[in-house]
A.B. asks: 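One structure, as structure tokens, below. Some questions next.
Every chain is numbered from 1, with letters handed out A, B, ... down the list of sequences.
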Protein chains: 2
Amino acid sequence: MVRRPSRPGGPDDASGAHDDAGPGGPAGPAGPTGPGTPSAPAPSVPSTPSGPSSTPPTLADVAELAGVSRQTVSNALNNPDLLRADTLERVRAAVTQLGYSPNRAARSLRTRSSRLVGMRFAPVPEGTANATMDRFVHSLVEECREVGHHVLLFPGDPEDPVAGYDELLRSTAVDAFVATDTWLGNPQAAWLEAQGAPFVAFGRPWDNPAARHPWVDVDGAAGTRLATDHLLDRGHERIAWIGWRKDNFIGEDRRSGWADALHDRGLSTSGLASRVEDLVPSGREASAVLLDEAAPTAFVCASDTLAMGVLHTLADRGLAAGRDVAVVGFDDSQVAQVVPGGLSSVRQPLEQVAVEVVRALAERLVAPRPTATGVLLTPTLTVRGSS
Amino acid sequence: MVRRPSRPGGPDDASGAHDDAGPGGPAGPAGPTGPGTPSAPAPSVPSTPSGPSSTPPTLADVAELAGVSRQTVSNALNNPDLLRADTLERVRAAVTQLGYSPNRAARSLRTRSSRLVGMRFAPVPEGTANATMDRFVHSLVEECREVGHHVLLFPGDPEDPVAGYDELLRSTAVDAFVATDTWLGNPQAAWLEAQGAPFVAFGRPWDNPAARHPWVDVDGAAGTRLATDHLLDRGHERIAWIGWRKDNFIGEDRRSGWADALHDRGLSTSGLASRVEDLVPSGREASAVLLDEAAPTAFVCASDTLAMGVLHTLADRGLAAGRDVAVVGFDDSQVAQVVPGGLSSVRQPLEQVAVEVVRALAERLVAPRPTATGVLLTPTLTVRGSS
DNA sequence: CTGAAAGCGCTAACAC
DNA sequence: GTGTTAGCGCTTTCAG
């Protein structure tokens with residue numbers, strides 16, 4: 001309990017509790033000198049920072065308490081090397097004592113950096129197993145903290161994919177964006193690039209090989225190849241594919257992994273592929289048709305949602321997934337993890353994606369011009385009962 | 001293409017493309033009058049704010065273009081009623097022309113409002129079906145936009161539940177918090193209340209009836225009662241419960257709905273309840289034991305995760321969910337939606353929760369003192385094949 | 001109804 | 001090493 005000379009009669013800092021505001025370890029040199037230290041400027045109290053929401057302490061408060069100038073406090077925080085050890089110590093003590101934390105708005109205004117990263121957060125369609133972006137955001141939030149940033153979410157306007165970005169950019173609300181959802185090409189990326197806005201894409205610039213922005217992606221083809229090889233190794237030779245529309249870049253990429261794996265073993269893919277919407281009923285119907293017409297013994301799917309559709313068909317027909325027909329999905333969603341029997345699935349290393357995204361972001365924020373680096377990560381296969 | 005008096009020799013606004021910067025519907029008055037319209041202020045166009053990332057236009061730029069003072073522009077934005085119609089029109093034209101959007105940092109600094117809402121975003125445990133918070137965040141983001149706010153995510157420190165809140169609060173980074181995850185009481189809420197920090201809780205102050213903060217919650221007991229009544233109506237009389245530890249307030253609440261529904265029909269609950277961890281294997285084991293020892297014909301579960309455990313057991317024993325044994329889960333997760341056969345589940349109205357949370361937030365932000373209002377919403381039951 | 005002055009809290013330049 | 005000066009872009013008095 002640090003007890004500074006308190007104004008007599010005043011409410012004092014009766015609240016007691018919250019001295020431990022600052023993380024900075026043990027109290028240190030700011031320790032109680034006891035009341036009655038008649039030093040000159042009568043370093044009075046940090047006016048109970050707790051209690052009602054009084055305004056938080058400012059740089060000036062810290063400076064006064066530490067007996068230095070405001071600038072010195074600023075330096076203590078941003079350029080500690082510039083201070084003499086004892087001064088630094090004294091300032092830090094004052095900081096923790098007051099529970100001081102620099103005002104973000106003021107700092108932003110001055111440095112032109114909000115330490116915020118914007119990301120469009122589009123709702124997950126109901127009735128699917130897709131939650132990749134949700135999982136990714138969790139990792140992104142964690143990683144951003146490492147570099148002192150926070151994640152700002154904004155809603156997507158289905159009409160205008162660029163709307164949310166534009167306003168945040170013009171109001172300098174965020175330092176950078178993480179652009180996602182690049183299935184059908186990436187208008188946001190092109191737009192952001194044209195604006196000169198710092199951003200990193202989760203997803204390759206499929207539709208624009210000349211793009212100059214940094215991106216991070218997962219090698220979907222490698223994932224489906226992993227899945228297909230796994231099935232081939234288990235003796236399957238007629239392995240079907242259920243994927244998405246042809247104009248979906250990600251879908252075509254994943255499809256190629258399946259096709260290449262089969263071709264590499266001299267197996268044909270003809271009649272074994274299907275393209276549908278990413279919905280459970282679509283996967284269900286597609287698998288029923290394939291089963292009837294091509295008699296595959298295994299399925300590789302572009303998503304867990306489609307794979308669940310296959311499981312529906314198998315259940316309909318009294319077939320056991322994994323024993324009668326093998327199924328592998330993509331995304332290692334919660335659904336794959338908890339469905340009875342378990343659904344084997346290709347798992348994207350989203351934590352790693354977040355790490356790379358933040359790394360690229362950090363680089364981009366110091367670089368004057370974007371450095372067009374792409375990082376391609378390899379997924380893994382989680383094998384469960386369905387294969 | 002709008003062409004302002006450009007500095008000769010300068011790169012000028014060559015980029016062309018992006019006139020559509022502003023959302024504001026059809027071009028309106030700023031429309032191209034074509035080159036060579038020598039009107040006074042030369043109402044030029046949205047001056048390619050694009051190009052390289054030059055600094056965005058400021059209030060002063062708008063003022064100059066509109067031929068008024070800076071505060072007039074400010075008023076046009078914040079108190080349009082104060083302006084004469086024609087002046088307002090002129091300013092607005094300048095705003096859209098320049099693609100002006102007020103600098104957030106500056107505005108925050110001045111108004112002491114960041115228009116940001118903070119929320120701790122804790123990772124979803126792997127292997128469960130729980131994604132309630134993810135779904136909620138989507139709705140929250142949407143709702144916040146309605147009132148001109150954005151959502152700021154911060155990671156949770158498992159050690160110190162208050163850590164993230166504290167720093168954001170002291171740095172005035174957010175206007176308010178949405179406090180979630182109140183299963184075991186709500187230390188954050190108590191702490192935030194003590195700090196006088198504006199916040200709304202998603203979840204009742206279970207452990208502190210004297211709490212004075214606004215909250216929104218879903219009536220879990222009503223949900224499980226709905227589920228139980230549904231099963232009773234279908235003729236089930238031996239309905240088992242699989243829930244959580246006794247110290248979990250939410251779990252006990254949900255349990256009471258089940259128990260009350262049975263008691264109301266004069267049925268006993270003894271031997272029919274089980275308390276376990278919220279994991280699939282736990283639900284699986286618990287249901288196996290219950291099936292052996294109490295021979296229930298139906299299960300109501302505190303979560304979809306546990307319900308999936310029941311489905312595992314049924315699959316193990318060759319029993320058909322819905323035909324041989326009925327199962328109802330809680331949360332209407334993706335898993336419930338796509339699992340073969342479908343899992344009936346109690347659905348929380350998260351969109352509505354978000355609406356109420358934001359409403360309460362808005363109220364709290366204008367109220368000097370917190371008004372202790374609680375809103376309790378009623379869930380619905382989604383019936384699928386499992387019951 | 002519009003303009004002029006002040007200042008939110010901070011940090012980048014320079015003095016000392 | 002430390003203090004002084006200035007100003008980021010905005011809104012809130014208060015005069016006209």
A.B. asks: When the distance from CZ of Arg110(B) to C1' of dC10(C) is rounded to whole Å, what number comes out?
C.D. replies: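 Value for this atom pair: 15 Å.
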
A.B. asks: In whole Å, what is the span from the CG atom of Leu59(B) to the P atom of dG7(C)?
C.D. replies: 19 Å

A.B. asks: Is there a side-chain polar atom (N or O) of Arg84(A) under 4.0 Å from OP1 or OP2 of dT2(D)?
C.D. replies: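 Looking at the OP1 and OP2 atoms of dT2(D), one of them is under 4.0 Å from a side-chain N or O of Arg84(A).
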
A.B. asks: Using whole Å, report how far CG of Leu77(A) lies from C1' of dC10(C).
C.D. replies: 11 Å

A.B. asks: How do Thr87(B) and Ala106(B) order along DNA chain C: which one's closest nucleotide is nearer the 5' end?
C.D. replies: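 Nearest-nucleotide comparison on DNA chain C picks Thr87(B).
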
A.B. asks: Counting heavy atoms from C-beta on, name the nucleotide in dT11(C), dC1(C), dT11(D) closest to the side chain of Arg70(B).
C.D. replies: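 The nucleotide sitting nearest to the side chain is dT11(D).
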
A.B. asks: Just to confirm, is there a sub-4.0 Å distance from OP1 or OP2 of dG3(C) to any side-chain nitrogen or oxygen of Thr72(B)?
C.D. replies: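 So the side chain of Thr72(B) is within the cut-off, an N or O lying under 4.0 Å from OP1 or OP2 of dG3(C).
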
A.B. asks: Would you mind reading off the distance between Arg107(A) atom CZ and dA12(C) atom C1', rounded to a whole angstrom?
C.D. replies: 14 Å

A.B. asks: Which residue lies toward the 5' end of DNA chain C, Val68(B) or Ala105(A), if each is placed at its nearest nucleotide?
C.D. replies: Val68(B)

A.B. asks: OP1 or OP2 of dC10(C) less than 4.0 angstrom from a side-chain nitrogen or oxygen of Arg104(A), does that happen here?
C.D. replies: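 So the side-chain polar atoms of Arg104(A) never come under 4.0 Å of the phosphate oxygens OP1 or OP2 of dC10(C).
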
A.B. asks: Does Asn78(A) place a side-chain N or O at less than 4.0 Å from the phosphate oxygens OP1/OP2 of dT11(C)?
C.D. replies: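 The answer is yes; a side-chain N or O of Asn78(A) sits under 4.0 Å from OP1 or OP2.
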
A.B. asks: Is the closest side-chain donor-acceptor distance between Asn78(A) and Arg107(A) under 3.5 Å?
C.D. replies: yes

A.B. asks: Base, sugar-phosphate, or nothing: which does Leu109(B) touch, judged by heavy atoms less than 4.0 Å apart?
C.D. replies: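 Base contact - Leu109(B) has a heavy atom under 4.0 Å of at least one base atom.
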
A.B. asks: Centroid-to-centroid, Tyr165(B) to Phe177(B), below 6.0 Å?
C.D. replies: yes

A.B. asks: To the nearest angstrom, how far is Leu82(B) atom CG from dG3(C) atom C1'?
C.D. replies: 14 Å

A.B. asks: Expressed in angstrom and rounded to an integer, what is the separation of Leu83(A) atom CG from dT11(C) atom P?
C.D. replies: 13 Å

A.B. asks: Under 4.0 Å from OP1 or OP2 of dT11(D): is there any side-chain N or O of Ser74(B) that close?
C.D. replies: yes

A.B. asks: Could you verify whether a donor N or O on one side chain and an acceptor N or O on the other, from Gln71(A) and Ser69(A), lie under 3.5 Å apart?
C.D. replies: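 There is no such pair between these side chains.
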
A.B. asks: Other residues, nucleotides and ligands only: do more than 12 of their heavy atoms fall within 6.0 Å of CD on Glu64(B)?
C.D. replies: no

A.B. asks: Remember a base hit wins even if backbone is also touched, and classify Ser69(A) as base, sugar-phosphate or nothing at under 4.0 Å, heavy atoms.
C.D. replies: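 Counting heavy atoms under 4.0 Å across all strands, the contact made by Ser69(A) includes a base.
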
A.B. asks: dA13(C) P sits how many Å from Asn79(A) CG, rounded?
C.D. replies: 11 Å

A.B. asks: Write down the distance between CD (Gln71(A)) and P (dC14(C)), rounded to a whole number of angstrom.
C.D. replies: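 So the two atoms are 14 Å apart, to the nearest Å.
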
A.B. asks: Just checking, any donor-acceptor pair under 3.5 angstrom between side chains of Arg70(A) and Asn75(A)?
C.D. replies: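 Asn75(A) and Arg70(A) do not have a side-chain donor-acceptor pair below 3.5 Å.
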
